[in-house]
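For reference, the structure is listed below as structure tokens.
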Amino acid sequence: MKRDKKKQAGLFFMILGALAFMNGIPDGIAGSLLAGAVIVIGVSLMKRAESTEEKRVGLFTFLFGILLFLPGVPFLIGFCFGAACLYWGWRMIRD
């Protein structure tokens with residue numbers, strides 16, 4: 001395989017993307033899934049509520065899910081960065 005600058009840059013981006021994925025996957029995915037589930041439960045509780053108290057419980061659950069989700073935002077940014085690096089690196093290697 002001939003190693004030109006484009007393939008070397010592609011390999012660099014592939015390694016960078018893989019490292020970004022491995023850095024945050026165990027903690028970040030679990031936290032994001034938990035927060036997403038709590039948000040969905042809160043919204044469904046608000047939609048099915050028949051009284052004011054049930055709506056308050058749904059709203060509280062929704063807000064609690066948002067608070068759980070906020071620390072996961074840097075993980076999501078890193079996850080998107082890792083995916084983009086893997087994609088660009090793969091395209092550079094394949095072309």
Side-chain angles (χ1 to χ4, degrees):
M1 177 170 117
K2 185 180 174 186
R3 290 190 178 206
D4 57 349
K5 296 217 184 258
K6 191 173 184 180
K7 290 188 189 230
Q8 288 176 348
L11 184 62
F12 170 75
F13 280 118
M14 291 279 295
I15 291 171
L16 186 66
L19 288 174
F21 272 131
M22 287 188 284
N23 187 26
I25 282 182
D27 298 330
I29 287 181
S32 296
L33 289 176
L34 175 67
V38 172
I39 290 171
V40 168
I41 290 170
V43 169
S44 68
L45 285 174
M46 284 191 295
K47 284 183 179 180
R48 291 184 292 150
E50 295 178 3
S51 67
T52 319
E53 289 103 18
E54 290 176 351
K55 286 185 181 180
R56 287 182 187 157
V57 169
L59 181 63
F60 175 74
T61 307
F62 174 75
L63 292 176
F64 183 69
I66 294 292
L67 289 175
L68 284 176
F69 188 71
L70 287 178
V73 170
F75 161 74
L76 291 176
I77 293 170
F79 191 78
C80 291
F81 174 74
C85 285
L86 283 173
Y87 174 74
W88 287 326
W90 182 252
R91 289 218 33 197
M92 285 180 169
I93 289 174
R94 296 287 292 166
D95 288 340

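What you see below is based on every heavy atom in this structure, not just the backbone, and it leaves out hydrogens, waters and symmetry mates.
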Problem set entry | Criterion side chain to side chain contact (heavy atoms under 4.5 Å, CB included) against Val38, the qualifying member of Ile66, Thr61, Leu67 | Thr61
For this session: Kindly compute the distance separating CD (Glu50) from NZ (Lys55), expressed to the nearest 0.5 Å.
Result: 10.0 Å
Exercise. To the nearest 0.5 Å, what is the distance between CD (Glu54) and OG1 (Thr52)?
Worked result: 9.0 Å
Exercise. When rounded to the nearest 0.5 angstrom, what is the spacing between CZ in Phe62 and CD1 in Ile41?
Worked result: 13.0 Å
Exercise. Looking only at heavy atoms, what is the nearest atom pair of Gly65 and Ala35, with distance?
Worked result: O-CB, 3.7 Å
Problem set entry | Same apolar cluster: Leu86 and Trp90, side chain cutoff 4.5 Å | yes
For this session: Go through the steps to decide whether Arg56 and Phe60 satisfy the test side chain to side chain contact (heavy atoms under 4.5 Å, CB included), and finish with yes or no.
Result: CA-CA 6 Å; Arg56 287 182 187 157; Phe60 175 74; over 6 Å; no
Exercise. If you round to the nearest 0.5 Å, how far is CG of Leu63 from CD1 of Ile39?
Worked result: 9.5 Å
